A.B. asks: 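Below is the structure I would like to discuss, written out as structure tokens.
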Amino acid sequence: MIREAYKIVHISTYPKGGAGRAAYRIHKALLKNGMDSHFICLDEKPGDRYVSRPSPCEKKTEKISLFNVLKDKIKWRLKRHFNIIIISEKETITKNFKILFPKLNCEIAKLPFSDYDLLADHFVQNADIIHLHWVANLLDYPSFFKNVNKPVVWTLHDMNPFQGMFHYKEDEEKNNAVASSLDKKVKTIKRKSIRNINVKLSIVTPSHWLLDAAVRSKVFKNVKGYHIPYPLDMEIFSPVPNGSFRDALNIPKDHIIFLFVAQSTGNHRKGFDLLLEALKKINQENISLLVIGNSDNWQVNGLNVILLGSIEDERTLSKYYSMADAFILPSLEDNLPNVMLEAMACGTPVISFDVGGMSEIIKNGFNGMKAKSMNFMGLANVLTEFINSKENYNRERIRNYALENFSEKIIAEKYKVVY
């Protein structure tokens, strides 16, 4: 029987961004369903008493011991008498990473080190279970896994926990020529650190795709894994009547509306450049494209483009999802994008490539379509196919699918089983 009085502390570098938002939603879903949950991150959410920064004793200080005193004396004598400077593996890797970083061609790269001692935090010390999320720059792998004395659940939001410096396989492969040596060292540190753990560790992934990659990795070999999708507040993300909203944007009544959402349209992994090429290939004049996120000003001949900038308010986002005939998600590599689930909760079909978590959730002709080829021509073909069959989609059925699979109560119950 599950003891619902368990105190859960979630640790996430940020409460925003795709991973941070998902982590915070898991925390909120637990709170709403009777769990004692707290959220630690580097950016506080004003007015939320269940969220805090790491406590003031966060900086790690090396314990004073006879061993450490002798070690320091030996280092001092070697430097003074023989001009030999002993540098730790961490210092060496950090130095090499700083030199290498300008040469990297990637979305993001991080080291498994941090100056924060999360185990000294008040909420961590009083928790029954520590729940890790996206923890780059916040979790120090070597010290955390060596000293943690409480069970750990780790929700993976990308590949970084079991890769080296990179968060996505494509970035690892692109940088192999310049970074493979250092990347292997980082991966080894992660593997050795995690194997030092003396308490129960389980991983959770929002997609089967990521779970399969994780359990096959050397880092999480023999670690218990679970698949649990992200939760959504179905009251916020729900279909919204949008006639007046459409009029306010001056979108003609006969226009098909496509929606694209990303933190930045310049992120190659999100596939916005492929979407532009696909729309040029279609060359239809009765299409309006709504773009949410940071974007340069650009136009496609014959296409009505509306750049909406960044939008944080979730109820406003729901209006745009509800307005769209289809949400376009041309990611080349992705776990389980929040935006896909948000669109479906609003009854909107999703068009994507047949990869990652999208491959598992999107069912052709029911809640969206998947392109057969992973290029702009494949996307153009599936967009054309959707335009010719868009009347076949039942938005109520799509909404019900989201309710049955991603509602907060369902996801909270799944996490209770893991705990």
Side-chain angles (χ1 to χ4, degrees), residues 13 17-19 85-116 132-146 154-197 201 203 205-223 225 263-264 266-271 273-274 331-336 353 355-357 359 374-375:
T13 306
I85 300 175
I86 298 178
I87 301 176
S88 69
E89 184 180 34
K90 176 179 177 179
E91 291 172 318
T92 302
I93 288 175
T94 301
K95 180 181 177 181
N96 290 339
F97 179 74
K98 288 180 180 178
I99 295 171
L100 180 66
F101 190 78
K103 302 176 186 177
L104 298 179
N105 175 23
C106 64
E107 181 180 339
I108 186 171
K110 297 290 183 182
L111 294 180
F113 307 128
S114 172
D115 289 330
Y116 288 93
L132 302 177
H133 291 275
W134 198 95
V135 288
N137 293 339
L138 186 56
L139 183 79
D140 186 74
Y141 281 60
S143 64
F144 178 86
F145 290 107
K146 180 181 179 181
W154 196 348
T155 295
L156 311 187
H157 300 273
D158 58 28
M159 291 181 162
N160 183 251
F162 57 89
Q163 290 202 146
M165 300 179 291
F166 304 104
H167 289 245
Y168 298 96
K169 196 67 179 176
E170 183 186 23
D171 283 343
E172 180 183 271
E173 294 170 351
K174 278 194 304 186
N175 292 276
N176 189 56
V178 296
S180 62
S181 178
L182 185 60
D183 198 52
K184 287 177 183 176
K185 290 179 181 178
V186 172
K187 194 177 294 186
T188 298
I189 286 174
K190 289 182 176 180
R191 185 179 73 250
K192 288 181 177 179
S193 297
I194 291 172
R195 286 187 179 178
N196 275 336
I197 196 168
L201 167 66
I203 60 171
T205 66
S207 66
H208 290 287
W209 166 76
L210 189 59
L211 181 60
D212 182 59
V215 297
R216 285 190 291 106
S217 71
K218 292 181 180 179
V219 173
F220 289 118
K221 185 179 180 180
N222 300 322
V223 174
Q263 192 168 1
S264 170
N267 184 342
H268 172 70
R269 184 174 58 86
K270 296 297 183 180
D273 55 334
L274 297 177
S331 294
L332 300 172
E333 190 177 15
D334 229 327
N335 172 25
L336 193 75
F353 290 120
V355 295
S359 181
M374 213 161 131
N375 51 45

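In this text, all values refer to a predicted model and were calculated from it rather than measured experimentally.
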A.B. asks: Short question: side chain of T205, backbone of L156 - any donor-acceptor pair under 3.5 Å?
C.D. replies: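 Not a single qualifying donor-acceptor pair exists.
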A.B. asks: Using a 3.5 Å distance criterion without hydrogens, assess whether the side chain of S359 forms a donor-acceptor pair with backbone atoms of G356.
C.D. replies: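 No, S359 side chain to G356 backbone: no donor-acceptor pair under 3.5 Å.
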A.B. asks: Going by heavy atoms in the side chains, are M159 and E172 under 4.5 Å from each other?
C.D. replies: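 Contact flag for M159/E172 side chains = no.
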A.B. asks: Decide yes or no for V355 and W209: does some side-chain heavy atom of the first lie under 4.5 Å from some side-chain heavy atom of the second?
C.D. replies: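 With C-beta onward as the side chain, the pair stays apart.
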A.B. asks: How close do G357 and S207 get, counting heavy atoms only, and between which atoms?
C.D. replies: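 Nearest heavy atoms, G357 then S207: CA-CB, 3.9 Å.
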A.B. asks: Who pairs with Y168 by ring pair (Phe, Tyr, Trp, His ring centres under 6.0 Å), at least two apart in sequence or on another chain?
C.D. replies: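 In terms of ring pair (Phe, Tyr, Trp, His ring centres under 6.0 Å), with neighbours along the sequence ignored, Y168 is linked to no residue.
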A.B. asks: Do the side chains of F220 and V215 get nearer than 4.5 Å, heavy atoms only?
C.D. replies: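 Sidechains of F220 and V215: no contact.
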A.B. asks: Quick check: do D171 and H167 have side-chain heavy atoms less than 4.5 Å from each other?
C.D. replies: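 The answer is no; the side chains never approach within 4.5 Å.
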A.B. asks: Under 4.5 Å between any side-chain heavy atoms of I194 and L201, yes or no?
C.D. replies: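 Yes, their side chains come closer than 4.5 Å.
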A.B. asks: Could you tell me which non-hydrogen atom of N137 sits nearest to which non-hydrogen atom of K110, and how far apart they are?
C.D. replies: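 Nearest heavy atoms, N137 then K110: ND2-NZ, 3.0 Å.
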A.B. asks: Below 4.0 angstrom, N of the basic side chain to O of the carboxylate: do D334 and K270 qualify?
C.D. replies: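 Result for this pair is yes, salt bridge flagged.
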A.B. asks: Spell out, as yes or no, whether a donor-acceptor pair under 3.5 Å connects the side chain of N196 to the backbone of F145.
C.D. replies: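 A pair under 3.5 Å: no.
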A.B. asks: Considering residues at least two apart in sequence or located in another chain, which fulfil the ring pair (Phe, Tyr, Trp, His ring centres under 6.0 Å) criterion with H157?
C.D. replies: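 So H157 forms a ring pair (Phe, Tyr, Trp, His ring centres under 6.0 Å) with H133, Y230.
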A.B. asks: Which residues satisfy the ring pair (Phe, Tyr, Trp, His ring centres under 6.0 Å) test with H208, sequence neighbours excluded?
C.D. replies: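 With sequence neighbours excluded, H208 shows a ring pair (Phe, Tyr, Trp, His ring centres under 6.0 Å) to H227, given in chain and number order.
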A.B. asks: I need the minimum non-hydrogen distance between P142 and P112, along with the two atoms involved.
C.D. replies: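 Heavy atoms of P142 and P112 come nearest at CD-O, 3.7 Å.
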A.B. asks: Are any side-chain N or O atoms of T13 and backbone N or O atoms of W134, one a donor and one an acceptor, separated by less than 3.5 Å?
C.D. replies: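 Side chain of T13 to backbone of W134, a donor-acceptor pair under 3.5 Å: yes, one is there.
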A.B. asks: Mind listing the closest non-hydrogen atom pair of A179 and F166 along with its distance?
C.D. replies: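 In this case the closest contact between A179 and F166 is CB-CZ, 4.1 Å.
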A.B. asks: Does K174 have more than 12 heavy atoms from other residues, nucleotides or ligands lying within 6.0 Å of its NZ?
C.D. replies: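 Enclosed: over 12 neighbouring heavy atoms sit under 6.0 Å from NZ of K174.
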A.B. asks: Side-chain contact, heavy-atom cut-off 4.5 Å: K190 with K218?
C.D. replies: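 SC-SC contact between K190 and K218 ruled out.
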A.B. asks: Are any side-chain N or O atoms of E333 and backbone N or O atoms of K169, one a donor and one an acceptor, separated by less than 3.5 Å?
C.D. replies: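 Pair found, side chain donor or acceptor close to backbone of K169.
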A.B. asks: Do side-chain atoms of D140 reach the backbone of S114 as a donor and acceptor pair under 3.5 angstrom?
C.D. replies: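 Side chain of D140 to backbone of S114: a pair is present.
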A.B. asks: Where is the tightest heavy-atom contact between K103 and N175, given as atom of each residue plus distance?
C.D. replies: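 Scanning both residues, the minimum pair turns out to be O-OD1, 4.4 Å.
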